[in-house]
Structures are given as structure tokens and as C-alpha cells.
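One structure below.
We use all heavy atoms of the structure for the numbers below, so side chains are in, but hydrogens, waters and symmetry mates are not. Letters A, B, ... mirror the listed sequences (proteins, then strands); counts begin at 1.
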Amino acid sequence: MDTDLLIIGGGPAGLHAANTVGQYGIRTVIVEESNALGGLLRQQVHYINDLPREFKAQTGQNLSEYFIGNLSDQCTVLLNHIFTGVYKDGRLGIANQETVIPIRAKRVLIATGAAEETMIFPGWTLPGVISVGAGQILHHREGVLPGKKAVILGSSEPALSLSMDLFDKGSDVAIVDGGSEISCGNQQLLDEIVTKNIPIYFEAFNLEALGTDEVEKLVFQQSSGNEKKLETDVVCIGGEYSPILESFEILDCKFTYAEKLGGWLPQYDHTLKTSVNHVFAAGNCAGITSMSGILLTAEIASLNVVHELMNEQIQEQVESLWEELINIEDSSFLPSFHSRKDIIAEAYT
Amino acid sequence: MTNDYDIIIIGSGVIGASIAYYLSKRPRQNILVIDKGFPLTGTSGATQAWVFAHNKTPGSYGKLSMLSAQLYPSLQAEIGDIEYKRTGGIVPFFDEDDWVKAEHLVKEQSKAGLDVQVLNRTQTLEKEPKLSAKIKGSTYSPIDGNVNPFLLVEKYVRAFQRNDVDVSFYNAVTAIDHSDEQVTVTTEKGIFSGEKIVFAGGPWTEHLGNMLDVQVPVNLVRGQILVTEPLQPIITHTLGGMRQMDNGVVLIGNSSEKHIGLDRRTTLDVIQHTAKMGIDFVPELKKAHILRSFAGTRLVPYDGLPILGTMPCMKNVYIAAMHSGVTLSPLVGKVMSELIFDGEASIDIDGYDIRRFNKIKP
């Protein structure tokens with residue numbers, strides 16, 4: 001199989017990139033590991049307010065449907081496929097459970113996103129102990145209430161958002177955090193939590209999940225010396241997210257360490273091109289976590305692909321996209337803005 | 001850290017680290033180990049780490065490998081658990097014609113003092129029941145085994161650091177100047193001088209030799225290795241091609257690609273070929289998932305045998321460059337330390353001198 005652009009990952013970055021290059025008649029193949037396109041958009045039922053100018057505020061699920069509906073007939077979607085390696089002649093091996101398909105691609109865009117990290121404590125493998133992401137999938141995508149007595153670990157935005165949603169559906173909710181303050185920066189969400197009197201236990205340590213066949217209790221200690229025991233039927237672990245980097249490794253891209261953007265990341269320049277000439281990066285796997293950033297970087301990378309393959313003039317468009325990204329990040333994600341500037345500067349040294 | 005040393009060792013893989021360790025047991029030596037990366041970022045961290053003697057020919061080389069394998073238990077007692085296991089080694093064959101070769105190998109190795117046997121299919125399957133019934137037979141030796149290369153190098157490094165050896169990691173050597181009295185090593189982080197210097201740079205040894213205008217007669221080959229998910233115990237011996245680690249992971253690999261240089265990428269061509277080899281050997285592996293693959297750059301002297309001794313016309317510049325560094329690590333550390341400290345090794349290593357290549361074309 002031959003294609004102009006192979007996109008690894010069918011989440012928001014991959015889909016938006018496919019649509020962007022699709023307008024220029026460029027052939028794409030999207031390789032998606034799961035059984036559906038959309039990635040994290042599939043479980044986002046809330047309005048996303050920080051979308052780029054070209055999109056009106058809408059839910060993630062809406063946006064996902066919009067992207068999928070707009071895919072051109074030049075776009076081939078391979079669901080349940082993974083990128084596993086490179087042949088000597090440069091073709092990429094795309095595997096399903098049966099076989100490996102060699103694909104020759106003029107350009108590759110890696111848009112693999114990020115993976116939830118878990119917390120490990122005694123009892124964490126009991127049925128009923130899941131991640132916040134899994135809680136969102138159950139609740140928002142599959143329409144299943146994960147539990148009636150939920151304990152949410154951590155106070156990141158996704159953790160608090162899930163807490164609210166479960167509370168609104170009538171579940172008892174408690175939040176348990178190892179730190180001494182809320183890590184979520186969304187004040188509105190925080191106010192709601194406080195208004196609804198959802199209990200938050202700070203400085204919790206020595207967590208242990210107890211139960212015979214499934215989780216029944218979460219026990220922990222607090223710095224005050226108290227031991228606390230919460231009855232529960234679901235514990236949702238809200239861990240950090242880390243970029244998914246295997247595809248960059250296979251393609252021999254150089255890495256750089258950017259603590260504020262999630263740790264090890266691929267090196268890239270202002271065109272979102274990695275150290276490997278035909279490989280680009282966009283979205284969460286490049287350390288970009290805001291939805292606007294994910295979509296804008298996907299567009300910047302794919303316009304540069306258009307420029308390289310079709311010799312189209314895209315300079316002005318790209319500049320205005322960077323400007324938009326900088327404005328958004330400058331106001332709300334300043335540390336990540338500076339950290340990314342460092343990465344791009346490094347690509348030129 | 002001063003800049004003047006008695007001995008400077010370039011390279012901290014299984015060979016450089018071993019030499020540093022054995023030298024550090026000697027009295028009052030100022031030793032520095034320099035590495036362009038960090039221990040285990042090179043070839044020593046990209047190996048199945050067999051300790052394998054029985055198929056190394058000629059017999060003298062087999063014996064050298066055996067002597068090294070015999071040092072492992074005492075080394076493990078000295079530096080701590082390195083997961084060394086004498087599992088016994090089996091090299092299966094699938095072709096009737098290989099009987100003759102196998103019997104020839106047994107004859108040659110037994111002359112050198114190695115316990116090697118030819119096993120027929122039934123005898124082989126008794127030892128290793130999951131091997132394919134399609135095998136015709138195998139060669140076997142109880143001396144073979146394997147080690148955990150990460151623990152091995154880490155324990156060497158800890159041990160020689162306890163013995164006051166200095167290290168300078170992430171520091172590439174850029175130039176070497178040599179006189180009869182002293183060697184000056186210019187690095188990215190400064191200039192060091194030493195009375196003696198040891199080249200133990202593995203695949204980079206050729207590059208080091210060039211700095212002294214000496215051609216080190218080695219080729220580089222790439223070996224790619226597959227890593228399965230952790231499995232129930234499936235093989236108990238070290239097989240010619242694979243072994244199972246303590247954590248259940250099976251390592252599979254027998255590839256050897258020339259003219260790749262230092263490129264350590266893996267390729268799907270070789271991964272697929274290697275997976276097929278694994279299934280040919282142990283059909284049950286068909287069900288196993290491959291989690292990842294990695295490649296290592298191996299060094300192969302033109303005649304396949306180790307290069308041990310001094311550099312031509314330079315009595316204070318030493319070289320230890322070889323394939324199968326994991327197998328040979330304890331012995332090479334010991335004999336090189338003897339050569340460097342006492343002026344003479346306890347076993348005859350003259351046959352491994354680099355000067356032998358004057359007669360050999362690549």
C-alpha cells in the first residue's frame with residue numbers, strides 16, 4: 001500500500017490533520033489502535049471552551065462526529081491496527097491480529113496522544129479500582145454508572161470533572177488527594193465541588209483498597225495521624241498523563257527532556273517536524289495537552305506536510321496558527337509555552 | 001579528581017568495567033574509567049548475555065570461553081547477585097548432514113578439555129521437552145549458561161567505585177597522544193594523562209585506534225533481539241538462539257547483519273525472520289506476544305577471535321576487543337589486569353595479540 005501521509009493515531013490531532021491535508025487532495029491513511037476513531041473526544045460530553053477560532057464551542061463527542069463526517073474519500077482508516085516497526089526499505093509495518101501490512105508513506109505524522117499513569121498501592125488490582133479515564137469511558141461513552149459510592153483519587157481537572165458528573169447522577173463521591181491543595185486550575189469546577197459539599201481529604205498516604213471479590217473499602221492515613229476508612233464500590237485513580245512515544249522510538253527520532261510538558265518528548269522544530277526528515281509530531285504525544293493546542297499543532301504540522309508535498313504556500317496560515325497558539329498558552333499555559341519554546345530552540349542548535 | 005592517572009580505561013561495558021574491577025583489587029592504583037555514554041547504553045546493554053563456550057572454535061577459543069564461564073561463580077560471590085545460571089547449553093540442528101559437523105565439534109572441543117556431547121532427538125527432547133519434534137539432534141554442554149548483563153555491569157561499576165576508581169561518563173574521547181612515558185587523552189570534559197591506557201570501547205575501538213593511526217582489524221555486525229511477554233517456564237537451557245529470563249521473558253535472536261555501522265534500529269524484515277526462527281525451535285512460542293525488540297552493535301575481529309594485549313609498538317597502550325564479551329568478561333578482566341599490573345598474564349594469550357593480523361586480510 002502507498003500513501004502520501006500516514007497518520008498514527010485517530011484522535012483529535014490525527015483526525016484534524018487528515019481533514020486539513022484532505023482539502024488539498026492528499027492521500028492519507030489513519031492507523032488507529034482501538035475499534036473507533038475519536039480518541040479522548042469520544043468520552044467528552046462537556047462543552048470544550050478553549051477550541052481554536054475556527055471551531056465553535058461544542059462537546060468533544062460532537063467534534064469527533066464532525067471530524068469523522070468530514071474525512072475525504074482519499075482517506076483510508078485502519079481500525080484495530082497498530083504501527084509495529086519499519087522494514088529495511090523504509091516501509092512502515094502496520095499490524096492487525098492476522099498480518100503485517102507494509103505501507104510506503106511520503107510523510108508520517110505521529111499523533112499517538114498520551115496514556116494515563118496509574119498509582120500503585122495494596123489492592124489496586126481489585127475489580128472496581130479503575131482509572132479516571134476508564135470511569136469517563138464507562139459513564140460518558142458506554143452509559144454505565146461506574147459506582148454508587150465513588151472515591152476519586154487526585155484533584156486534577158479530569159478527576160474533579162468526573163467527581164461532579166457522578167455526584168450529579170446521584171452517587172456519593174469523595175475525593176482523596178496526596179497533596180495539600182487542589183491541582184485543578186479550573187475555578188468554576190472547583191466552586192461547584194465546594195458548593196455541592198463533596199468531601200476532599202488532603203495529604204492522604206498509605207492507601208489501601210480492601211475487599212474480597214471487589215473493592216469495598218479504601219483505607220488511608222492523613223498527616224494529622226488519623227486513619228480514615230471509606231466505604232466504596234468504585235475507586236477512580238486520577239494519575240498523570242504521559243506522552244506515548246514508541247512510534248518515535250521505532251522511527252529513530254531524537255528525544256529531549258521537558259519536565260513541564262510531561263518528561264521525555266520528541267524533538268521538533270517550528271514546523272512540528274522531528275529530527276527525522278519525513279516524520280512530524282502533533283498533539284499530546286508532543287507534550288501539548290490543551291485541546292486548542294492539540295488541534296492547532298495538528299494543523300500546523302499538516303500544513304507543513306502540504307507545503308512539502310504540493311509546494312503550496314502556507315506560510316501566512318501557519319504563522320497565524322502559531323500566533324493563536326501563543327496567545328492561548330500565554331494567557332493560561334505559560335510554563336508549557338516556555339518549555340515548548342525551549343524544545344524548538346533546541347532543534348536549531 | 002586529579003587529571004593524572006596510573007591507568008585510564010576507555011569504555012565501561014562488560015570488558016572495560018571488568019578490567020577496571022580486577023585492576024581495582026590491586027594496591028595503590030589511580031584508575032580512571034571514561035565512557036562516551038553511560039554503562040549499558042552500548043553493546044553490553046543490548047545482548048541476550050549468554051555465557052556460552054561449547055560451540056566456540058577452535059578448541060583453544062572454546063577453552064578460553066570455558067575458563068571464563070568457570071570464573072563466574074566466584075565473581076558472583078565477590079560482587080553480588082548477577083543472576084548467573086549454569087543452565088547448560090543446547091544448539092539444536094534440523095539437518096541430517098549436521099551430525100557430522102556435530103561429531104567433529106565434540107572431538108575438537110574434548111581435545112581442548114570441554115565437555116560437549118551430541119544428543120539425538122529423544123535425548124534432546126528429554127532435556128528440553130518444548131523443542132520442536134522436527135529437530136534431528138543437538139550439541140549440548142553443561143558448562144554453558146547465562147547472566148543478567150544489567151546486573152553484571154552495574155555490580156562491576158559499584159565494586160570498582162568502592163575501590164576508589166574514578167569515572168567520567170557522558171564524556172567522549174576526542175584525541176589521544178602517546179609517548180613512551182605517558183598517554184594524553186583529550187575528552188569533551190578535559191584532558192587526562194595516564195601511564196597506561198586501555199582500549200575497551202567495544203564497537204568504538206576501531207575509532208579509538210584511528211586516533212593513534214592504528215587500524216584495529218574488526219568488522220561491526222548488528223544483532224536484533226525480540227522480547228516476548230513474560231511466559232510460564234517454557235525452556236530451561238540456554239539455546240543457540242534463545243533463552244528465558246528469570247522474569248519469564250523469552251529473548252530470541254540469531255541475526256547478524258554486516259555493513260550497518262553503528263545503526264541500532266531494528267527492522268521488521270529481521271524481526272519477522274527471527275520470530276519464525278523462534279517458532280521453528282519452540283512451536284509453542286507461536287502463541288506468545290512480542291513486546292519489543294532491540295538491536296546491538298557487535299564487534300567481530302577479522303578472524304573471529306579476541307584481540308588481547310598491547311597495541312603495536314606501544315607498550316603502554318592496551319587493547320581488549322572481542323565478540324562474546326559477556327562470556328569472556330571475567331577472564332579478560334583478570335588476565336588484562338595481570339598483564340597491565342604484573343606485566344604477564346597467568347594464561348598464555350600470545351595467540352590473541354593484535355600483531356597476528358599482519359598476515360590476515362579482511
D269(B) and Y87(A): which non-hydrogen atoms are nearest, and at how many Å?
OD1-CA, 3.2 Å
Might you confirm whether atom CD of E240(A) has over 12 heavy atoms from other residues, nucleotides or ligands at distances under 6.0 Å?
no
Atom CD of Q161(B) with >12 non-hydrogen neighbours under 6.0 angstrom:
yes
Near H278(A) NE2, under 6.0 Å, is it more than 12 heavy atoms from other residues, nucleotides or ligands?
yes
Less than 4.0 Å between a side-chain N and a carboxylate O, is that true for K88(A) and E257(B)?
yes
More than 12 foreign heavy atoms under 6.0 Å from NZ of K189(B): is that the case here?
yes
Rounded to the nearest 0.5 Å, how far apart are CD1 of I290(B) and OG1 of T84(A)?
11.0 Å
More than 12 heavy atoms from other groups under 6.0 Å of CD on E142(A)
yes
If the threshold is 4.0 Å, N to carboxylate O, is there a salt bridge linking R265(B) and D252(A)?
yes
Can you list the steps and then say if L268(B) with V100(A) is a side chain to side chain contact (heavy atoms under 4.5 Å, CB included)?
CA-CA 9 Å; L268(B) 270 177; V100(A) 183; 4.1 Å; yes
